[in-house]
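First up is the structure itself, then whatever we jot down about it.
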Amino acid sequence: MAREIDTARVLCTLADIPVGATREFRIGAGDWPLRGFLVRTRDALHAYVNRCPHAGHALNLRPHRFLTADGSLIVCTSHGALFEKATGFCVAGPCAGRALTTIPVEVDAGLVLLAADVDPASFENVEAL
Ligand code: FES
């Protein structure tokens with residue numbers, strides 16, 4: 001018997017995020033939904049909280065745009081911090097050595113979902129500093 005999908009956990013369809021793309025999502029109710037973004041590489045799908053560890057800003061200015069011009073790294077548009085796509089580790093910029101907060105996700109039936117054991121509210125107090 002197929003597993004029932006919790007529609008409240010759906011971030012997008014897998015088709016919405018082709019290899020090499022990034023995509024924003026919001027999940028959760030109230031004034032403080034979890035704001036995150038997906039990064040799809042050739043091998044995997046990664047998700048991070050959309051909050052820079054430097055000063056707590058959202059990383060992007062333009063919708064769904066998180067990568068450097070060559071697509072090799074995640075960039076924070078505020079002060080230029082650069083992060084590895086596969087780990088969220090900051091390799092250059094004012095927060096070098098720190099990392100984005102990972103959000104566990106899974107793919108089921110062509111849908112990208114917040115992992116079943118993750119409470120979106122658990123990311124509310126992720127500190128920027
Ligand atoms: S807020 Fe991201 S580099 Fe400063």
Side-chain angles (χ1 to χ4, degrees):
M1 187 170 134
R3 188 169 73 126
E4 194 168 314
I5 301 284
D6 178 356
T7 56
R9 292 184 170 277
V10 175
L11 306 179
C12 64
T13 70
L14 195 56
D16 288 332
I17 180 157
V19 172
T22 55
R23 185 176 178 87
E24 289 181 271
F25 63 83
R26 289 183 186 190
I27 196 162
D31 293 336
W32 303 103
L34 171 58
R35 291 177 168 87
F37 65 100
L38 297 159
V39 181
R40 188 170 177 189
T41 63
R42 199 171 32 222
D43 307 323
L45 192 57
H46 308 279
Y48 302 104
V49 175
N50 188 5
R51 185 182 301 132
C52 182
H54 173 225
H57 301 177
L59 279 82
N60 63 318
L61 282 178
R62 294 185 292 168
H64 307 297
R65 303 293 293 269
F66 290 88
L67 300 182
T68 53
D70 69 359
S72 64
L73 293 164
I74 298 164
V75 62
C76 178
T77 53
S78 288
H79 310 106
L82 298 171
F83 304 87
E84 293 176 340
K85 293 193 288 188
T87 65
F89 183 76
C90 183
V91 295
C95 48
R98 301 182 67 192
L100 301 172
T101 301
T102 301
I103 301 172
V105 294
E106 56 195 23
V107 176
D108 191 353
L111 300 172
V112 182
L113 306 157
L114 185 68
D117 58 347
V118 175
D119 177 2
S122 67
F123 294 92
E124 283 179 6
N125 294 319
V126 173
E127 293 296 329
L129 302 176

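Just so it is clear, the values below take in all heavy atoms, side chains as well, and ignore hydrogens, waters and symmetry mates.
No more than 12 heavy atoms of other residues, nucleotides or ligands shown are found within 6.0 angstrom of CZ on R65.
Donor-acceptor pairing under 3.5 Å is lacking for the side chains of T41 and D43.
Distance CG/D108 to CD1/I5: 4.0 Å, rounded to 0.5 Å. Here the straight-line distance linking atom CG of L67 with atom CG of D70 works out to 9.0 Å at 0.5 Å rounding. Summarising the geometry, atom CD1 belonging to I74 is positioned 8.0 Å from atom OG1 belonging to T87; distances are rounded to the nearest 0.5 Å. If you take CG on L100 and NZ on K85, they are separated by 13.5 Å, rounding to the nearest 0.5 Å. Atom CG of L11 sits about 9.5 Å away from atom CD1 of I17, to the nearest 0.5 Å.
Between P104 and L114, the shortest heavy-atom distance links the atoms O-CD1, 3.8 Å. Heavy atoms only, all atoms of each residue included: A58 and S78 are closest at O-OG, 4.4 Å. Scanning all heavy atoms of the two residues, the minimum distance from P33 to G28 falls at CB-O, 3.5 Å. Closest heavy-atom contact between T102 and F123: O-CE2, 3.5 Å. Across L38 and C12, no two heavy atoms sit closer than the pair CD1-SG, 3.6 Å. Heavy-atom minimum distance, G88 versus F83: O-CD2, 3.3 Å.
Criterion: ILVMFWY side-chain heavy atoms under 4.5 Å apart, direct or through other members. Under it, L14 and V105 are part of a common hydrophobic cluster. In the hydrophobic clustering of ILVMFWY residues, with side-chain heavy atoms under 4.5 Å counting as a link, F25 and F66 come out apart. Placement of I27 and V107 within a single hydrophobic cluster is found when ILVMFWY residues are connected by side-chain heavy-atom separations under 4.5 Å, directly or transitively. The hydrophobic clustering, which links ILVMFWY residues whose side-chain heavy atoms are closer than 4.5 Å, places L59 and V49 apart. Using a 4.5 Å cut-off between side-chain heavy atoms of Ile, Leu, Val, Met, Phe, Trp and Tyr, with links allowed through other members, L34 and L45 fall into the same hydrophobic cluster.
H79 pairs by the ring-ring contact (aromatic ring centres under 6.0 Å, His included) definition with H54, H57, not counting sequence neighbours.
With R23 contributing its side chain and R40 its backbone, the two residues share no donor-acceptor pair below 3.5 Å. No side-chain donor-acceptor contact under 3.5 Å links N60 to the backbone of T77. The closest donor-acceptor contact from the side chain of T22 to the backbone of H64 lies under 3.5 Å.
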